[in-house]
**Student:** 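Take this structure first; my questions come after.
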Amino acid sequence: MDALDFFPEAASTQATSTDFILFVLIGFTGIVVLSVLSLLVIFSIRFRRHSAVRRDDPPEWMKRDLEIGWSSAGLFLALFLAWWTSATELSALIAPKNALEIHVVAKQWMWKVQHQNGAREINVLHVPVDEPVRLIMTSQDVIHSFFVPEFRVKQDVLPGRDSRTWFQATKTGTFHLFCTQLCGTEHARMTGEVVVMSGPDFAHWLTSQPVSDDLTREGEALFRSLGCSGCHDAASRVQAPALAGFFGSEVRLANGTSVTGSDELLRDIVLHPREHSVAGYPSVMPSYAGIVGDEELLRISRYIHSLSPSPEGKQP
Amino acid sequence: MSGATILVRPLTPVPESGNYLTAGRTIWSWLTSTDHKRIAILYAISITVFFFIGAAAIAVIRFELLTPTGQYISDDTYNKLFTLHGVVMVWFFLIPSIPNTFGNFLLPLMIGAPDVAFPRLNLFSWYLNIAGGLFTLYAVIAGGVDTGWTFYTPFSTMFSNSHVLAAAAGVFVAGFSSIATGVNFIATIHMLRTEGMSWMRLPLFVWSLYATSLVLILATPVLAVTLLLIVAERWLGLPIFDPAHGGDPLLFQHLFWFYSHPAVYIMILPAMGVVTEVITCFARRRVFGYDFMVYALVAIAGIGFFVWGHHMFVSGQSPYASLVFSFLSFVVAVPSAIKVFNWTATLYRGSVSFEAPMLYALGFIGLFAIGGSTGLFLASIPVDIQVHDTYFVIAHFHYIMVGGSVSAFFAALHYWWPKITGKLYDEAWARFAAILMFFGFNFTFFPQFVLGYLGNPRRYHVYPPQFQVFHVMSSTGASVLAAAYLLPPIYLIWSMRWGRAAGDNPWGATGLEWRTSSPPPLHNFLNPPKVEQQPYAYHPEGRGPVPGSRTPYRTQDQPS
Ligand SMILES: [Cu+2]
Ligand SMILES: [Cu+2]
């Protein structure tokens, strides 16, 4: 068991500013509450039933002035605190532009994380230190909430929409990840950890992750739903090239140039098929510009990879 | 000659016909009585039963939380127990507690009326409350509800496999009981004030009931609508909150908190009224700043309607909406602070004694001050992000609702017990229970502030081992608190049998309720009293109280 902690570690930039606000609030409210409660005790004792002290009325004007005085003092204190904490909040509202984007999907009762290169993890989130990280989160069922106490970051994750939050870790180490929105039976077990690594360690970790098969399956589904399979499947009546082995092979374009099958080319063909029509086929492929984004291309690419008989792209 | 030596002749001699307690002795005579005093007793009995049901649920939970691994009950049982605790304590104990027992009993007495405006509606509201309670108990017996008392969608409408509909029906029905009570109190205060009882002569407990009733009738219908929407989605399959069909889960939270934040004031405003009556009586001093106390009550009730979004800072609502709600939440703290200052100032140059009701009231002020000021932490968005849905929030609202409202409930119980039963309880035991309750409470809930900022989420059956020490403290404190709650039923019931006769006005208080016999006769006053002055003439204007004296300078029906 760890040593007794009374205060959580501060491991992000937000943590430091939140703690500062907390201390100021403790200071202000502490002074007010302690002085009122001390007066309560002092008056109780000094004016106890049988003590011989002065008890006549203070003058009327004093009563009124006191009342107006502390009412307005209270109001000003409240307005000041509201303005000050809101100002701090506003400045931290929007994530920096260069933030590293990571996708999180919550479901009963696990956290699924997907990095930009397709690497996936469950109930663990690896992030680099000293770099802003933006989380784009959604839920597949009920409302969950992403909470890392050491970062002072919490954000509900709702179905049917993207919830965003961001943080910048300032310490390497492993921190708790909790779901804080009651989400059913195993709500309390919907926990995980956030692993903060140095930049190079993170880069190394990221590239050494196996890219999971889920992407391939999602790519296949897209390949069908977008209608690619209608032309490119072997059984199709449209005369279109089979895509197995596309990556790495020589592709002769109708304009006479010759290029190698790559993610770049796939993107060019899908978005601008006219300009990159393949020699020897009718140029009937529609443009998917505006329909297919990077996310989808990533998955389709994985699926096309899996069609080729090469060892790394084998389909289970 | 000091005014304090004037002897006060009771307005109402004990009538030949006996009092309201002896007016009928069969169970049937109780179940069909439209006497506000008897209905108050019916409520007292039913909320006591619900209180101990809710307490039993939490006792199991506090025992389970002694260890981090959750070994005695299942995850589902745990979720059902805290849901039971929340639903029962909020809707079947706290909301009806002070208004429906002491409010019912005292409101007509304090304004010199023979009964409330609609006595039969009053009885009906008790039956509605019981019907709601039975629905809820059915839900429990049938297998329980696991959504938390907050019923968040889409979990409650599309995913939970528990008895959400029965529980929602229970709360829905109980809501109509609240509305009936609110209407009744407002009509009573408008129509039945006795001669001379102008608005600015109303005792502050009556003002607090008035403010509470306004909130009850304006907020509760929204709860009813919200629950109907839950039924519509869960039972009829209408996609209201389901985003897959164009619904919005956040809509539920807006509606729910539009009711449930004001509901906090339903629980605390009457408590403030009670504490004001008790403090002024045992300090033998006029209430400091009566006018401001009235304005503060109304301001809290009014502003309280515009702060609900502070429950939703991390929900995904617009950050700009959050800023407005944050601002208003800071503002709503001001009138509460004014009340705390005024209570404290009422003691100044008083003649303070420390009987049990006063101990509870002083305890209330301390706990309410802590509960209220931690509300400022929750109003500030960055800190709220950290502590939202953690034990910090649990600690905060228990300081308000248990440290505040329940302490005030016990203050009221001890203050008016002699009036209600005509008997005096054992003062030493009562003081001991009050002190035990105060320490047991702090012992239970203070560690939870620390636990919350450390990050332990609420509604967690299992938790990381480094939090255990705080849970052990909390559970130990809870057993002290439980002992403190078990004492009053024992010595109070004992007093009914063996206690000394109380007399009409054992505390030497000034209100009209003390000017009739204890227990009061069936129709409260044989002749309607005439009010001659403001309610708290414990001492002559300009001169302070006579030390050691218990005699009021002027009761409300005596000319100054
Ligand atoms: Cu969850
Ligand atoms: Cu609230």
Side-chain angles (χ1 to χ4, degrees), chain A residues 1-2 4-6 8 17-18 21-22 25 29 32-33 36-37 39-40 43-44 47-50 54-57 63 67 70-71 74-75 78 81-82 85-86 88-89 93 141-143 145 147 149 152-156 158-161 163 176 178 180-189, chain B residues 75-76 79 148 152 154-155 159 243-244 249 289 292 314-316 319 323 326-327 330-331 333-334 337-338 340-341 344 347-353 365-366 369-370 373 376-377 380-383 385-386 388-389 450 453-455 457 459-462 464-466 469 542-545 547-548:
Chain A
M1 225 180 102
D2 315 51
L4 186 53
D5 286 326
F6 286 98
S17 59
T18 301
I21 295 176
L22 176 82
L25 283 174
T29 57
V32 176
V33 169
V36 174
L37 295 188
L39 280 182
L40 193 76
F43 289 168
S44 298
F47 299 106
R48 70 190 180 280
R49 200 163 160 200
H50 293 291
R54 219 180 124 185
R55 286 198 163 86
D56 55 338
D57 267 10
K63 288 193 200 168
E67 191 80 68
W70 65 45
S71 304
L75 190 62
L81 288 175
T85 62
S86 301
T88 318
E89 171 62 17
L93 206 58
D141 37 51
V142 302
I143 301 178
S145 193
F147 177 37
R152 317 287 188 272
V153 162
K154 183 181 290 130
Q155 175 63 51
D156 280 7
L158 282 74
R161 70 160 86 179
S163 303
H176 285 296
F178 295 122
T180 49
Q181 188 60 264
L182 177 62
C183 57
T185 309
E186 289 181 34
H187 165 57
R189 300 177 200 273
Chain B
D75 288 353
D76 274 327
N79 295 352
Y152 268 25
F155 180 61
F159 291 87
F292 275 76
V314 304
S315 70
L323 291 180
S326 163
F327 168 77
F330 276 103
V331 172
V334 176
I338 292 175
V340 173
F341 296 148
T344 309
L347 299 182
Y348 183 67
R349 298 197 175 174
S351 168
V352 185
S353 60
I365 298 178
I370 296 176
S373 60
L376 294 179
F377 294 60
S380 106
I381 302 174
V383 178
I385 289 177
Q386 172 71 359
H388 179 76
D389 270 342
V450 182
Y453 202 76
L454 278 171
R459 298 166 166 175
Y460 256 34
H461 182 204
V462 295
Q466 74 259 35
V469 53
R543 264 178 301 149

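Note: hydrogens, waters and symmetry copies are ignored here, and every other heavy atom, side chains too, is used. Residue numbers begin at 1 in each chain, while the letters A, B, ... track the order of the sequences.
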**Student:** Is Pro243(B) in contact with chain A via its backbone, its side chain, both, or neither, using a 4.5 Å heavy-atom distance?
**Tutor:**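 Contact with chain A is through the side chain of Pro243(B) alone.
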**Student:** With heavy-atom distances below 4.5 Å as the criterion, would you say the side chains of Pro547(B) and Arg55(A) are in contact?
**Tutor:**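 Yes, side chains in contact.
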**Student:** Measure distances from Phe377(B) to the heavy atoms of chain A and classify the residue's part below 4.5 Å as side chain, backbone, both or neither.
**Tutor:**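 Its backbone and side chain both get close to chain A.
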**Student:** Heavy-atom pairs under 4.5 Å with chain A: which of Leu454(B), Ile338(B), Val331(B) has the most?
**Tutor:**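 Sorted descending by pairs with chain A, the first entry is Leu454(B).
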**Student:** Who among Leu22(A), Val36(A), Thr29(A) has the most heavy-atom pairs with chain B under 4.5 Å?
**Tutor:**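 If we count pairs closer than 4.5 Å to chain B, Leu22(A) comes out on top.
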**Student:** Heavy-atom cut-off 4.5 Å, strictly under: side chain, backbone, both or neither for Ala369(B) against chain A?
**Tutor:**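 For Ala369(B), heavy atoms of backbone and side chain both lie under 4.5 Å from chain A.
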**Student:** Taking all non-hydrogen atoms of both residues, which atom of Gly184(A) and which atom of Asn79(B) are closest, and how far apart?
**Tutor:**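 So the minimum-distance heavy-atom pair works out to O-ND2, 3.2 Å.
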**Student:** Assess the side chains of His176(A) and Gln466(B): does a donor N or O sit below 3.5 Å from an acceptor N or O?
**Tutor:**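 His176(A) vs Gln466(B): donor-acceptor pair found between side chains.
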**Student:** Apply side-chain contact (heavy atoms from CB on, under 4.5 Å) to the pair Arg49(A) and Val352(B), showing each step before the final yes or no.
**Tutor:** CA-CA 5 Å; Arg49(A) 200 163 160 200; Val352(B) 185; over 6 Å; no
**Student:** Which heavy atom of Leu323(B) sits nearest to which heavy atom of Ser86(A), and what is that distance?
**Tutor:**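 Closest approach of Leu323(B) to Ser86(A): CD2-CB, 3.6 Å.
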**Student:** Within this structure, what is the CH2-OG1 distance for the pair Trp70(A) and Thr344(B), rounded to the nearest 0.5 Å?
**Tutor:**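 It comes to 7.5 Å.
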**Student:** Would you mind telling me which of Glu186(A), His50(A), Arg54(A) has the largest number of heavy-atom pairs within less than 4.5 Å of chain B?
**Tutor:**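 Most heavy-atom pairs under 4.5 Å with chain B: Arg54(A).
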**Student:** In plain terms, say whether Arg349(B) and Asp57(A) are close enough for a salt bridge, that is, a side-chain N and a carboxylate O under 4.0 Å apart.
**Tutor:**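 Result for this pair is no, no salt bridge flagged.
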**Student:** Relative to chain A, which segment of Phe159(B) carries a heavy atom at a distance below 4.5 Å: side chain, backbone, both, or neither?
**Tutor:**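 Phe159(B) touches chain A through side-chain heavy atoms alone.
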**Student:** Would Ile385(B) and Arg152(A) satisfy side-chain contact (heavy atoms from CB on, under 4.5 Å), going step by step from the backbone distance to the final call?
**Tutor:** CA-CA 7 Å; Ile385(B) 289 177; Arg152(A) 317 287 188 272; 5.9 Å; no
**Student:** Would you mind telling me which of Ala244(B), Pro319(B), Ser373(B), Gly455(B) has the largest number of heavy-atom pairs within less than 4.5 Å of chain A?
**Tutor:**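 Of the candidates given, the most pairs with chain A belong to Gly455(B).
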**Student:** Just verifying a value: how many Å separate Arg543(B) CZ and Asp56(A) CG, rounded to the nearest 0.5 Å?
**Tutor:**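 Between atom CZ of Arg543(B) and atom CG of Asp56(A) there are 10.5 Å.
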**Student:** I'd like to verify something: which residue of Val33(A), Val32(A), Leu75(A) has the highest number of heavy-atom pairs under 4.5 Å with chain B?
**Tutor:**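 So the answer, after comparing Val33(A), Val32(A), Leu75(A), is Leu75(A).
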**Student:** Hey, could you give me the OG/CZ distance between Ser71(A) and Phe292(B), rounded to the nearest 0.5 Å?
**Tutor:**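 Interatomic distance, Ser71(A) OG to Phe292(B) CZ, rounded to 0.5 Å: 5.0 Å.
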**Student:** Heavy atoms only, distances under 4.5 angstrom: which of Val450(B), Val340(B), Leu347(B) has the most pairs with chain A? Name it, please.
**Tutor:**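 Looking at each of Val450(B), Val340(B), Leu347(B) in turn, Leu347(B) comes out on top.
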**Student:** Calculate, to the nearest 0.5 Å, the distance between atoms OG1 and CD1 belonging to Thr88(A) and Ile381(B) respectively.
**Tutor:**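 The distance works out to 10.0 Å.
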**Student:** With side-chain contact (heavy atoms from CB on, under 4.5 Å) as the test, would you mind laying out the steps for Val462(B) and Arg189(A) before giving the verdict?
**Tutor:** CA-CA 7 Å; Val462(B) 295; Arg189(A) 300 177 200 273; 3.7 Å; yes
**Student:** Going by the angle between their ring planes, with limits at 30° and 60°, are His187(A) and Tyr460(B) parallel, tilted or perpendicular?
**Tutor:**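 Because their plane-to-plane angle is over 60°, the rings of His187(A) and Tyr460(B) count as perpendicular.
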**Student:** Taking atom OG of Ser351(B) and atom CZ of Arg48(A), what is their separation to the nearest 0.5 Å?
**Tutor:**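 So the OG of Ser351(B) and the CZ of Arg48(A) are separated by 10.5 Å.
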**Student:** Which atoms of Ser163(A) come close to chain B, meaning under 4.5 Å heavy atom to heavy atom: side chain ones, backbone ones, both, or neither?
**Tutor:**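 Neither part.
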**Student:** Is any side-chain heavy atom of Asp389(B) closer than 4.5 Å to a side-chain heavy atom of Gln181(A)?
**Tutor:**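 The answer is yes; the side chains approach within 4.5 Å.
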**Student:** Which bit of Phe341(B) comes within less than 4.5 Å of chain A, counting heavy atoms only: side chain, backbone, both or neither?
**Tutor:**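 Contact with chain A is through both the backbone and side chain of Phe341(B).
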**Student:** Is chain A contacted by the side chain of Asp76(B), its backbone, both, or neither, given a heavy-atom distance below 4.5 Å?
**Tutor:**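 Looking at Asp76(B), backbone and side chain both touch chain A.
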**Student:** What part of Val334(B) lies closer than 4.5 angstrom to a heavy atom of chain A: side chain, backbone, both or neither?
**Tutor:**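 Just the side chain, heavy atoms under 4.5 Å.
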**Student:** State, yes or no, whether a side-chain contact exists between Tyr453(B) and Pro8(A) at a heavy-atom distance under 4.5 Å.
**Tutor:**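 Yes. Closest side-chain heavy atoms under 4.5 Å.
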**Student:** If only atom types and distance count, is the side chain of Lys154(A) paired as donor or acceptor with the main-chain N or O of Val314(B) below 3.5 Å?
**Tutor:**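 Looks like no, no N/O pair under 3.5 Å.
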**Student:** Can you tell me which of Ala333(B), Ser326(B), Pro249(B), Pro545(B) forms the most heavy-atom pairs within a distance under 4.5 Å of chain A?
**Tutor:**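 Top option by heavy-atom pairs under 4.5 Å: Pro545(B).
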**Student:** Could you look at Phe147(A) and say if it's the side chain, the backbone, both or neither that has a heavy atom under 4.5 Å from chain B?
**Tutor:**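 Only the side chain of Phe147(A) comes within 4.5 Å of chain B.
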**Student:** Quick one: NE2 on His388(B) to CG on Asp156(A), what's the gap to the nearest 0.5 Å?
**Tutor:**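 Rounded to the nearest 0.5 Å, the NE2-CG separation comes out at 5.5 Å.
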**Student:** Where on Leu25(A) is there a heavy atom nearer than 4.5 Å to chain B: the side chain, the backbone, both, or neither?
**Tutor:**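 Leu25(A) touches chain B through backbone and side-chain heavy atoms alike.
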**Student:** Are Pro149(A) and Gln386(B) packed together at the side-chain level, in the sense that at least one heavy-atom pair is separated by less than 4.5 angstrom?
**Tutor:**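 Yes. Closest side-chain heavy atoms under 4.5 Å.
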**Student:** If you count heavy-atom pairs under 4.5 Å between each of Ser380(B), Gly350(B), Ser353(B) and chain A, which one has the most?
**Tutor:**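 Sorted descending by pairs with chain A, the first entry is Gly350(B).
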**Student:** Assess whether side-chain contact (heavy atoms from CB on, under 4.5 Å) is satisfied between Phe330(B) and Thr85(A), documenting all intermediate values.
**Tutor:** CA-CA 11 Å; Phe330(B) 276 103; Thr85(A) 62; 3.9 Å; yes
**Student:** Using a cut-off of under 4.5 Å on heavy-atom pairs, state which of Gly160(A), Pro159(A), Ser145(A) scores highest against chain B.
**Tutor:**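 Most heavy-atom pairs within the cutoff with chain B belong to Pro159(A).
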**Student:** Checking Leu40(A) against chain B: side chain, backbone, both or neither under 4.5 Å from a heavy atom?
**Tutor:**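 Backbone plus side chain of Leu40(A), per the 4.5 Å heavy-atom cut-off to chain B.
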